Amino acid sequence: MAITLDRLVSLVLLVQFVLLCSSYNVTSESTEEANALLKWKSSLENSTQPELSSWTLLTQNATNPKPSTSPCTWFGISCNPAGSVIRINLTSSGLQGSVPPEIGHLTKLEFLHLVNNQFNGSIPQELGKLKSLTRLALYINALEGPIPASLGNLSNLAILYLFDNQISGSIPPELGNLSNLVVLQMDINRLIDFGTAKLLKPDSSNWTALAGTYGYIAPELAYTMEVTEKCDVYSFGVLTLEVIKGEHPGDFISRLSSPSAMEEVELKDVLDQRLPHPPSHFEDELFNILKFVTACLNANPQSRPTMQVISKRL
């Protein structure tokens, strides 16, 4: 059938209208994401960090003929071809402040790494809105409060790292809904129910076996899934320190991470406060035991003693 000129013009106008609407939607979403990130930046205690100097909207001027509302070129931000933010990696950026509820506006986000900063406050429940999230790493910060039950909504989440914070309370049962979860580590916190790793479901399609008790699992086990004798040595060190302190050592473990740590630790900080202080002639022996325990907790597995050495020492 022949297409008349009027119909051709109408078709062209229709295509232009659809493209315009599509462009408007992308631009609108990009602007919302940029505004959410800028609000986060302004809430930080050190928002002038050089790392975040690129987090700004480009206004039109002689140098910049085209204004931009896209955050895709900002430090630590990656986008998909449509211009939506899908990755945020701010690892070791020296940032101080909280993780804001505005993070929930980044609905296409797949990867969020805020590792080794000074983030404090609670984990926002709005993280539960990020249904595309596959990897969430918040470890080595000062986050506190409970784990939000809304994290159980992250059906695509495969990796969850919350260790080395000040998170308290119990592990929400909703995390059992994470059928795609293959790695979960949340030790070195103030959680009150360290239980076996039953949240990793064997019936999920890409399940990888990770068995252990939260708070006692060697860090490298969560990364490599490879069980070695040195993993047991780490767990032995945690258990021995727990016996000495009369409670799980929690974030005290991080204080023993350096070789000179024992020089800065006082014996009274390590011993069970419910028991009388031991006689002075036992103090040297206790320090020797603690040095041995510190070696068991070394972050580098190769630097830990073997179980054979431990057995001979005992």
Side-chain angles (χ1 to χ4, degrees), residues 29 32-45 47 55 71 76-77 84-91 93 95-195 197-201 204 214-215 250-251:
E29 182 179 31
E32 183 180 13
E33 292 180 337
N35 288 335
L37 291 169
L38 288 175
K39 189 168 184 178
W40 183 8
K41 175 184 175 180
S42 65
S43 71
L44 295 174
E45 298 171 22
S47 58
W55 284 34
I77 305 295
S84 298
V85 176
I86 58 171
R87 291 171 64 94
I88 297 179
N89 187 355
L90 299 176
T91 296
S93 299
L95 302 178
Q96 303 175 28
S98 60
V99 182
E102 285 77 17
I103 196 77
H105 292 302
L106 308 175
T107 55
K108 301 295 192 302
L109 198 63
E110 301 173 3
F111 179 105
L112 179 60
H113 265 218
L114 305 179
V115 176
N116 192 28
N117 285 285
Q118 299 177 50
F119 286 111
N120 51 44
S122 59
I123 301 172
Q125 62 177 359
E126 285 77 9
L127 279 176
K129 297 178 180 180
L130 307 181
K131 300 298 181 63
S132 298
L133 205 62
T134 62
R135 186 180 182 107
L136 176 59
L138 305 177
Y139 60 92
I140 313 180
N141 280 290
L143 296 169
E144 56 188 12
I147 299 171
S150 62
L151 295 189
N153 299 327
L154 303 178
S155 56
N156 290 308
L157 196 65
I159 297 176
L160 176 58
Y161 288 132
L162 300 177
F163 66 89
D164 204 344
N165 278 285
Q166 300 173 28
I167 300 170
S168 58
S170 59
I171 300 171
E174 287 81 1
L175 294 192
N177 298 329
L178 303 177
S179 58
N180 287 312
L181 194 66
V182 295
V183 178
L184 172 63
Q185 190 175 2
M186 54 180 68
D187 55 316
I188 317 181
N189 274 295
R190 298 174 178 175
L191 294 166
I192 61 175
D193 56 345
F194 294 96
K198 296 178 181 178
L199 298 178
L200 299 176
K201 295 185 176 181
S204 57
Y214 299 128
D251 54 8

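Please read these numbers as outputs of a predicted model, since none were measured by experiment.
- The shortest distance between side-chain heavy atoms of F119 and N165 does not fall below 4.5 Å.
- Between atom CG of residue L178 and atom CG of residue N153 there is a gap of 9.0 Å, rounded to the nearest 0.5 Å.
- For N89, the side-chain hydrogen bond (donor to acceptor under 3.5 Å, both in side chains) partners are T91, not counting sequence neighbours.
- Legend: salt bridge (Lys or Arg N to Asp or Glu O under 4.0 Å) pairs involving residues 36-45, not counting sequence neighbours, sorted by first then second residue: K39-E102.
- Contacts of H113 classified as ring-ring contact (aromatic ring centres under 6.0 Å, His included), with partners at least two apart in sequence or in another chain: F111.
- We find the CD1-CG distance between I86 and L109 to be 8.5 Å, quoted to the nearest 0.5 Å.
- Remark: S98 engages no residue in a side-chain hydrogen bond (donor to acceptor under 3.5 Å, both in side chains) (not counting sequence neighbours).
- Separation of atoms CD1 (I103) and CG (L114) is listed at 7.0 Å; rounding is to 0.5 Å.
- From L184, atom CG reaches atom CG of L136 across 10.5 Å, with rounding to the nearest 0.5 Å.
- Listed by chain and residue number, S92, I140 satisfy the side-chain contact (heavy atoms from CB on, under 4.5 Å) test with N116 (two or more places apart in sequence, or in another chain).
- Between the side chain of N141 and the backbone N or O of N117, at least one donor-acceptor pair lies under 3.5 Å.
- Checking side-chain atoms of N35 against main-chain N and O of E33 turns up no donor-acceptor pair under 3.5 Å.
- The backbone N or O of Q96 lies less than 3.5 Å from no partner atom in the side chain of N120, so there is not a single donor-acceptor pair.
- Of the inter-residue distances, the one linking K129 atom NZ with L106 atom CG reads 11.5 Å to the nearest 0.5 angstrom.
- With hydrogens and angles ignored, the 3.5 Å screen pairs no side-chain donor or acceptor of T134 with any backbone N or O of A158.
- Taking P148 as the reference, I123, Q125, S150, L151 meet the side-chain contact (heavy atoms from CB on, under 4.5 Å) condition, with sequence neighbours excluded.
- Atom CG in L37 sits 11.0 Å away from atom CD in E32 (nearest 0.5 Å).
- Using a 4.5 Å heavy-atom cutoff, the side chains of I167 and M186 are not in contact.
- When all heavy atoms of W40 and V99 are compared, the pair lying nearest together is NE1-CA, 4.4 Å.
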